[in-house]
Amino acid sequence: QYPNANTAGTVLGYLGQTEESSTPEGRAGIEQSFNSVLAGTPGSVQFEVGPSGTVFPNSERYETPAVDGGDVHLTIDRDLQRAAQDALDDVVSGSGAEWGTAIVIEVGSGRVLALADSNSPDPANLAATDPKHWNSRAVSAIVEPGSTGKVVTYATALNEGAVEPLDLFLVSTPMEMPNGEVIRDNDSHPAEMMTVAGTLAKSYNTGLVQIGDLVPDETRYQYQLDFGLGQKTGIELPGEQAGLVHPVENWGSRERYTTMFGQSWSATTLQLGQMMSVIANDGALIPIHIVDGVESLDGEYTPGTVGESRQVITPETADEMLSMMQAVTDSYSTGWRARVDGYNVAGKTGTAQVPDETGALTKRAGTFVGAIPAEDPQIIVASIVYNAGGAGYGGDTAAVV
């Protein structure tokens, strides 16, 4: 029985028989990863019956009672989960996108308060569910994040002392870099002097690559790993993908720049949320988790195991990033649709081109990461909206979620 319909359907999973066993087992979500805790032990009853099936009233009866399984306590906030799913479904439907995902993480603890997928299935109604919607895309689908990936490059440059927020750079498009590669911004604009913070607010690639050029490639690559990219978060759900971050020796002359602005590497929604959590957690990576603990039938509670936290950037760098990222949700910047009345939001939008089956770049993935309230973050949000109609910009899709 699933009393909340499709709320957290991809998180809960479902039961089904396998070729190896006629006893229903967890086949997705928590039902699968915690099957041994939840399953319990079947019971049995034995008695004599006559040829017509009549039970002999005085025959001996042997009964072994069934034993219930234990409980799994999730970190999910049911109301927030419902709100996240509704927001995704509205944006995906309204933009004509293929799918969308979102994660909400509690600052300071790494607890996942919502993990949502569009078109979430109802575990109580398997027959009406398209199998492609069962596995959580927030866990398993990887995309190039586009400009949300700039968060790592800016944080790296600030933390290494290569730049300060008010340092000035001449920004023009197109721009030829020292190795001959030509970098462009999404929109044409006149050449102008802009601060580091200003290039972030406008999401200008041509400003970012000049900033990233001040840090050795090996250092930037190590920061990518330190932010949790290219490796699984360890969340307690099946099917998690590690994303893809190529080592420096595999970078070509163009990849050394595209890696700065969220291309030539890929990540899941979980990883983008964890990446943003470093900024919100005073520069520390606190492993995310979706299970608080398990409880046995006799009431014994065992807390879940959470990995160790580690410092990635200094608290001062994290504060500078939060201040700079507030400009992204300003009225004249890319993420203005993520503004929330009464609060300051620190965020970053992103848009990445996606090749179709022929290799043509016909699709786009819109992304957004953010923290609220910006002065003292309480929650982190990350969202992906895949292949929306029109331009499909992250500011028009994922930021709305």
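- Put simply, the side chain of Gln311 gets close to the backbone of Asp282: a donor and an acceptor are under 3.5 Å apart.
- To the nearest 0.5 Å, the span separating OG1 on Thr101 from CD1 on Ile384 amounts to 4.5 Å.
- Rounded to the nearest 0.5 Å, atoms CG (Leu229) and CG (Leu244) are 11.0 Å apart.
- Side-chain N or O atoms of Glu63 include none that pairs as donor or acceptor with a backbone N or O of Ser44 at under 3.5 Å.
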Worked verdict on Val45 versus Tyr62 for side chain to side chain contact (heavy atoms under 4.5 Å, CB included): CA-CA 6 Å; Val45 60; Tyr62 304 96; over 6 Å; no
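- With no hydrogens or angles considered, a side-chain donor-acceptor pair links Gln222 and Asp226 at under 3.5 Å.
- By the 4.5 Å heavy-atom criterion applied to side chains, Asn387 and Val354 are not counted as neighbours.
- Looking only at side-chain heavy atoms (C-beta outward), Val104 and Val112 stay at 4.5 Å or farther from each other.
- Inter-residue side-chain proximity for Ile103 and Leu270 is flagged as met; some heavy-atom pair is nearer than 4.5 Å.
- Distance CG/Asp292 to CD/Glu295: 12.0 Å, rounded to 0.5 Å.
- Expressed to the nearest 0.5 Å, how far CD1 of Ile279 lies from OH of Tyr154 amounts to 13.0 Å.
- Using a distance-only test at 3.5 Å, with no hydrogens or angles considered, a donor-acceptor pair links the side chain of Asn205 to the main chain of Arg184.
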Step-by-step side chain to side chain contact (heavy atoms under 4.5 Å, CB included) determination, Glu181 to Thr258: CA-CA 10 Å; Glu181 291 293 336; Thr258 57; over 6 Å; no
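- In this structure, Asp122 contributes its side chain and Ala124 its backbone to a donor-acceptor pair below 3.5 Å.
- Rounding to the nearest 0.5 angstrom, the gap separating the CD1 atom in Ile372 from the CD1 atom in Ile379 is 6.5 Å.
- The ring pair (Phe, Tyr, Trp, His ring centres under 6.0 Å) check on Trp134 picks up Tyr14, with sequence neighbours excluded.
- Remark: the backbone N or O of Gly335 is not paired with any side-chain donor or acceptor of Ser333 at under 3.5 angstrom.
- No side-chain donor-acceptor contact under 3.5 Å links Asn125 and Tyr2.
- If you run side chain to side chain contact (heavy atoms under 4.5 Å, CB included) between Met260 and each of Lys150, Arg220, Glu255, only Arg220 comes through.
- Residue Ile142 holds its CD1 atom at 8.5 Å from CD of Gln271, rounded to the nearest 0.5 Å.
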Trace of the side chain to side chain contact (heavy atoms under 4.5 Å, CB included) decision for Ile183 with Gln210: CA-CA 10 Å; Ile183 305 299; Gln210 296 180 70; over 6 Å; no
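- Under 3.5 Å, the side chains of Ser253 and Asn179 contain no donor-acceptor pair of N or O atoms.
- Side-chain atoms of Gln353 do not come within 3.5 Å of backbone N or O of Arg364 as any donor-acceptor pair.
- Side-chain N/O atoms of Thr317 and Thr314 include a donor and acceptor closer than 3.5 Å.
- The side-chain heavy atoms of Val163 and Leu158, taken from C-beta on, include a pair separated by under 4.5 Å.
- Donor-acceptor pairing under 3.5 Å is recorded for the side chains of Asp117 and Thr10.
- Results of the side-chain hydrogen bond (donor to acceptor under 3.5 Å, both in side chains) test with Thr7 over Gln85, Arg78, Gln81, Arg82 single out Arg82 as the only residue that passes.
- Between the Asp356 side chain and the Ala360 main chain, a donor and an acceptor come within less than 3.5 Å of each other.
- Judged purely by distance below 3.5 Å, without hydrogens or angles, the side chains of Tyr393 and Asn186 pair a donor atom with an acceptor atom.
- The main-chain N or O of Gly9 is found under 3.5 Å from a side-chain atom of Ser120 such that the two form a donor-acceptor pair.
- Within the 4.5 Å cutoff, the side chain of Phe34 has heavy atoms near those of the Glu236 side chain.
- The closest side-chain heavy-atom distance from Asp217 to Thr259 is not below 4.5 Å.
- Nearest approach of Gly29 to Pro238, heavy atoms of both residues: O-CD, 3.4 Å.
- The side-chain heavy atoms of Pro174 and Val182, taken from C-beta on, include a pair separated by under 4.5 Å.
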Side chain to side chain contact (heavy atoms under 4.5 Å, CB included) between Val196 and Glu164, worked out: CA-CA 7 Å; Val196 171; Glu164 295 182 358; over 6 Å; no
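- Within the 4.5 Å cutoff, the side chain of Arg337 has no heavy atoms near those of the Phe368 side chain.
- When all heavy atoms of Thr148 and Val369 are compared, the pair lying nearest together is CG2-N, 4.1 Å.
- Between the side chain of Trp251 and the backbone N or O of His246 there is at least one donor-acceptor pair closer than 3.5 Å.
- With respect to the salt-bridge test (charged N to carboxylate O, under 4.0 angstrom), the residues Arg256 and Asp213 qualify.
- Of the possible polar contacts, none joining the Ser203 side chain to the Leu200 backbone as a donor-acceptor pair under 3.5 Å is found.
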Worked verdict on Glu48 versus Arg61 for salt bridge (Lys or Arg N to Asp or Glu O under 4.0 Å): CA-CA 8 Å; Glu48 276 188 283; Arg61 181 184 180 94; over 6 Å; no
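- For Glu249, the CD atom is densely surrounded, since the number of other residues' heavy atoms within 6.0 Å is greater than 12.
- A side-chain donor-acceptor contact under 3.5 Å links Glu240 and Thr233.
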With a 3.5 Å cut-off and sequence neighbours excluded, list the donor-acceptor pairs that the side chains of residues 338-345 form with protein atoms.
unit_1: Arg339; atom_1: NH1; unit_2: Ser331; atom_2: OG; d: 2.7
unit_1: Asn344; atom_1: ND2; unit_2: Glu375; atom_2: OE2; d: 2.3

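- Between Tyr204 and His189, the distance from one ring center to the other falls under 6.0 angstrom.
- Between Gly307 and Pro287, the closest heavy-atom pair is O-CG, 3.4 Å.
- For residues 259-313, the set of pairs meeting the ring-ring contact (aromatic ring centres under 6.0 Å, His included) definition, not counting sequence neighbours, comprises His73-Tyr301.
- With hydrogens and angles left out, the side-chain atoms of Glu106 and Ser109 include a donor and acceptor closer than 3.5 Å.
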